[in-house]
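Shown next, in structure tokens, is the structure this report addresses.
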Amino acid sequence: MPPRPVDPRRDLPELEQEVLERWREREVFKRSLAAREGAPQWVFYEGPPTANGRPGSHHVLSRVFKDIYPRYKTMRGYRVDRKGGWDCHGLPVEIGVEEQLGLTSKKEVEEYGIEAFNAKCRESVFTYLQEWDRLTERIGFWIDLDDAYRTLDESYIESVWWALAQIDAKGLLYEGHKVVPYCPRCGTALSSHEVALGYKDVVDPSVYVKLRLVGSDESLLVWTTTPWTLPGNVAVAVGPEIEYAKVRFRGETFMLAAALVERVLGDEAEVVERLSADELLGRRYEGPLFSGSAPAARQGGMPPYSVIAGDFVTTEDGTGLVHIAPAFGEDDFNVAAAAGMIERDDPGSLLNPVRLDGTYDERVGSIDGSRSYKGRFVKDPQLTEELIADLDANGLLLRRSDYEHSYPHCWRCGTPLIYYAKASWYIRTTVVKEAMLAGNETVSWHPAHIKHGRFGEWLKGNVDWALSRERYWGTPLPVWRCGQGHVHVVGSFAELAERSGASLADHHRPFVDDVQFPCPSAGADGQPCGAPMRRVPEVIDVWFDSGAMPFAQHHAPFERQDAFQAHFPADFVCEALDQTRGWFYSLLAVSTLLFDQAPYRNVVCLGLILDAEGQKMSKSKGNTVEPWQVLDEHGADAFRWYFFTSKQPWDGYRFSQEAIGEGVRLFLKQLWSTYFFYVLYANANAPRLEAVEGDLDSSASENGRRPDAFAGDHGAQLDRWALSRTAGTAALIAEKLDEYDATAAGRAIAELVDDLSNWYVRRSRRRFWDGEPAAFATLRECLLLVSKLLAPFCPFIADEIYDNLDGTLGSVHLCDFPVGDALPARDLDLEEAMATARQTVRLGLGARAKAKAKVRQPLAEAVVVADGRERAAIERLSEIVREELNVRRVRFVDAAEELGRYEVKANYRRLGPIFGKDMPLAAEAIAALDPQRVAGVVLSGEGGETLGISVAGREHTLSAEDVILTMSAPEGYSVEREGAHAVALELTIDEDLRQEGQAREIVHAVQNARKNAGLEVEDRISLTLAGDPRLVAAASAHRDYLKGETLTIELALAGAEQAASANGATRGGVAGGGQADGGEAGGGAAPHRETASIDGLTLSIELSRFGA
RNA sequence: GGGCGAUUAGCUCAGUCGGUUAGAGCGCUUCUCUGAUAAGGAAGAGGUCCCUGGUUCGAAUCCAGGAUCGCCCA
């Protein structure tokens, strides 16, 4: 059946809507899965987005990459289930709702009511669900959104609880401390993102404080910009690599870093002794400061008020001795823990005299003990002054000064943040660090450097996972505790119901907070403790939610354990680069903790999208590109194509509408017009083609190997080439997609389409006009193959082409990806020969341009200088070269004969490794040889003669690969050359050639007139030519050619006088152009008239549709 | 401050194992071709391959240091 007609100017976004409709009608996605029932699984995990904001261009990026590989693998025969997912919990959701409700602190949230607040959160999570769904469908991302998992579902939460109970059973869940940026006014810890929002430059007082060593008159000199942290001091840290000095200064003795003596104390200071960090370690000083209570010494740890080691200590500022307050700094906390002064999972071991509201507790008072600082806000400037005065009064202050620095403030209320140790629940991931590293080794990362770089390095520095959040909208931490300090982790809803008797419809806060049950732990007497257990107030870090998705999405192990097992681990996950610390990590950590293996085999990381100026896109800058804008203007295929092919996706994008438009013009439009060309002429020649249809169907079967060539030999080479070229590209694309290199694969398709359009079709046009079946079969086959190769990239246009040219399976997405036997035969010799022939054409066109000889003017001869393989290749395809260059003959000559002389150069690449240091000598020796002789020997191996060089005592026989031959210009001859290959043109134009050139110009003018007259390509015409007798004579001499080219049935030729009278007056036309003089010749009886000017001669054209 | 990446033509990007004239597309100039293509072809202009050292017969490519930009972490 002939294909339906194609609009060459088809609006692609509009076309895509129709294709979408067809997919819906034919249920193509569903059928593509059903067709792979029972096939091997290839597993994809959807990293769940949150639908509380509009989807942006970066979401399109990740979603199209999440689409291309599953589509490809499906076509390769795998079953690729694609379950959607939504991330529903977390602080961003809460903050959105707080803004909506005008709440600014946790206190206000609690006054509003947790139940109502969480209800708002639940609503807001799906605010933009519809837009997400619509976008997902519009961009052609095939994923099952009807059966998507949602982290807020009861089933999901229960699986998360199960996971935590498993982890607890392994003894890996504990309560410890975490130092967090904390806003004492809002009572909230801030995420790093929020902290980054609130940096301000401020001036704080900084103080140098003397800490007297026990039993000595020497003092450690420490420096701090936060005097309020001094009551929390328990140690002083030294840098292990730093050299220290004992100095005399104004009658006192201080210890500080040797490198800082002068900067801190000036030139008055006298260095008494130099000592290493080791000599200071373990020294004790007098404490506490400002505090009535000191922490207890711990078994096996350093006692309080000792000098300990800290890697982070530098000599960039301060004194090289750092005051350590573990409650108020993460480094402080870590070094104190490393020194055994505190225990992470023992909250009692930490000295923290600051309350949650940011005021001191009763333990803090003046140094002499005379008054209390209880209730004072620690960042109050007045308090700071009092503390400093107190130090001074007690002889502990060396100096104070003002220090300007950038300090974080609460982005909501502007209060300076404090770093503050808060109780938090942890997973002891450090225990499985080695297992995670081992798991990472089994993963293929794209790009590869992530594996041992960003991700691997980060894994090596793994610290325990701070799991809990003091928030409201999240999976509740399933930890219950009784008054005796016993802890129980609940692993299922059934267990909770059984223990408590309470059955909840919703296990979120606040409902779950009310559930109590008797403590099951063994008491001191061996009997169950039985004290009432209450749930701890925290919820779980949302990253744990998403990390649990491999099983939680199926509600495993409670339900569908088999589904989980069949889909674990994933073959493929794909997210933005920032997920290395996010989802990529949480998936790996959870899977390692529970199953001791990596949850994915291949990871593709995507980069950031920047605007055209390289600025990060953000709503606040207003430089975002809305996806809908792109989709409406250019369409989904164009959007996808840009992301796939403009660059490697992990490098990030400089994004602009123009860049997408370029892809449309250069690729999609080119493909479309090649397809249009095929359909146009297939329909124009339909009767003729139908006559041989049986042959075509048998030769271009769906997946079977086709015969190498079609009947007829005129162009059989081009056909074989096009098919071979397409087969080679198909193999390359499969290889690249298997390596997750969509960029290289896509670019290869573009090159193929360009070759088909600008070489195959261009050189074969006449065969399509003539209705040659082999040409149609070849182009159809190539286009169908392209549609399959392109299907994962641009699923819309690919499906349209397939549907119109074949359509047997209902969609290209139900086809197999063409590999192996399904591909046409390769002919590598022919591909190479064609490349050489095209180079010859390039040279010949260059020679024409140089001689200002228009291509339309035939020339007598092209002289091609080539030897050996090159010559054989060009000879094989000389007919193509001849036509393309528009010459009567192609003549071959050996290089030595007439057109040029060879130059010979050493091939460094080959000889370098052989001669090494002597390479320059070898190059000289080769340059000294007679190039013609080298060429003769090397190219044709005349008479078994060999050539040798001798360098530094080494003999070497030259082979063809050892030298590079180039042509040198002959005297006074104009040729184009490249390498060992040149083309010269015979420029003499005799009368015969001139007349043929004029005949071609006439044809060209008539073709323009046909177009101006609005005729269809297959319309036959009656034509009358008049004007300059020389042109009429040329037309007469090439009468048959002229009639054939212009589909003229009746041709009338007239003299100049007639032409003038027919037109009234002769108009000067533009060379090669024409001017319409009549109406539409196609429609009415009035003939179309115009005049043209050829070589300065006038031609009058009058034509009408034959039979009209 | 740490980890990772990037830096090649006016712009967007390739560049294989280190090989001697560093490429493509877009844009620009000139010419040309066109019975599918807002296309195509030829020629031209346009380069401190971020910088400095080093390794090597030979470095855009490998090594070290530095600069700038970006991401992540602190």
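Reminder, nothing fancy here: chain letters follow the sequence lines and each chain counts from 1. Since the structure is predicted, the reported quantities are computational estimates derived from the model, not experimental observations.
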Report task. Select from A/W458 and A/H449 the residue whose nearest nucleotide in RNA chain B is closer to the 5' end of that strand. Result -> A/H449

Query - Non-hydrogen atoms of A/R762 and A/R765 that approach each other most closely - result: CG-NH2, 3.3 Å

Query raised in the report: Do the side-chain N or O atoms of A/R454 get closer than 4.0 angstrom to the phosphate oxygens (OP1, OP2) of B/C4?
Result: no

**Report entry** Pairwise C1' distance for B/A67 and B/G53, with rounding to whole Å
**Finding:** 15 Å

Query raised in the report: Residues in side-chain contact (heavy atoms from CB on, under 4.5 Å) with A/I880, at least two apart?
Result: A/L718, A/W759, A/R763, A/M834, A/L877

Query raised in the report: Which listed nucleotide (B/C13, B/C26, B/A42) is nearest to the side chain of A/L845?
Result: B/A42

Report task. Could you tell me which residues satisfy ring-ring contact (aromatic ring centres under 6.0 Å, His included) with A/W543, sequence neighbours excluded, listed by chain and number? Result -> none

Report task. For this output row, return yes or no: ring centroids of A/Y653 and A/Y642 closer than 6.0 angstrom. Result -> yes

Requested in this report: Summarise how protein sits on nucleotides 27-39 of chain B as a single string, 5' to 3': B when a protein heavy atom is under 4.0 Å from the base, S for sugar-phosphate-only contact, - for no contact.
Outcome: S----SSSBBBSS

Query raised in the report: Given atom NZ of A/K647 and atom C1' of B/G25, what is their separation to the nearest angstrom?
Result: 15 Å

Query raised in the report: Are side-chain N/O atoms of A/N886 and A/Q857 paired as donor and acceptor at under 3.5 Å?
Result: no

Requested in this report: Go through the side-chain N and O atoms of A/N804 and A/Y675 and say whether any donor and acceptor fall under 3.5 Å apart.
Outcome: yes

**Report entry** Residues forming a side-chain contact (heavy atoms from CB on, under 4.5 Å) with A/D754, sequence neighbours excluded
**Finding:** A/Q670, A/N758

Report task. Kindly state whether the ring of A/F768 and the ring of A/F776 have centres lying under 6.0 angstrom apart. Result -> yes

Query raised in the report: Rounded to the Å, how far apart are A/N462 CG and B/C72 C1'?
Result: 16 Å

**Report entry** Pairwise P distance for B/A24 and B/G15, with rounding to whole Å
**Finding:** 15 Å

**Report entry** Intra- and inter-strand pairs of RNA chain B in dot-bracket (Watson-Crick or G-U wobble, both distances under 3.5 Å; | for another strand)
**Finding:** (((((((..((((.....[...)))).(((((.......))))).....(((((..]....)))))))))))).

Query raised in the report: Phosphate oxygens OP1/OP2 of B/C72: is one of them under 4.0 Å from a side-chain N or O of A/R581?
Result: no

Report summary line: RNA chain B nearest-nucleotide lookup for A/R747 and A/P920: closer to the 5′ end is A/R747

Report task. Please name all residues satisfying side-chain contact (heavy atoms from CB on, under 4.5 Å) with A/R909, sequence neighbours left out, ordered by chain then number. Result -> A/N907

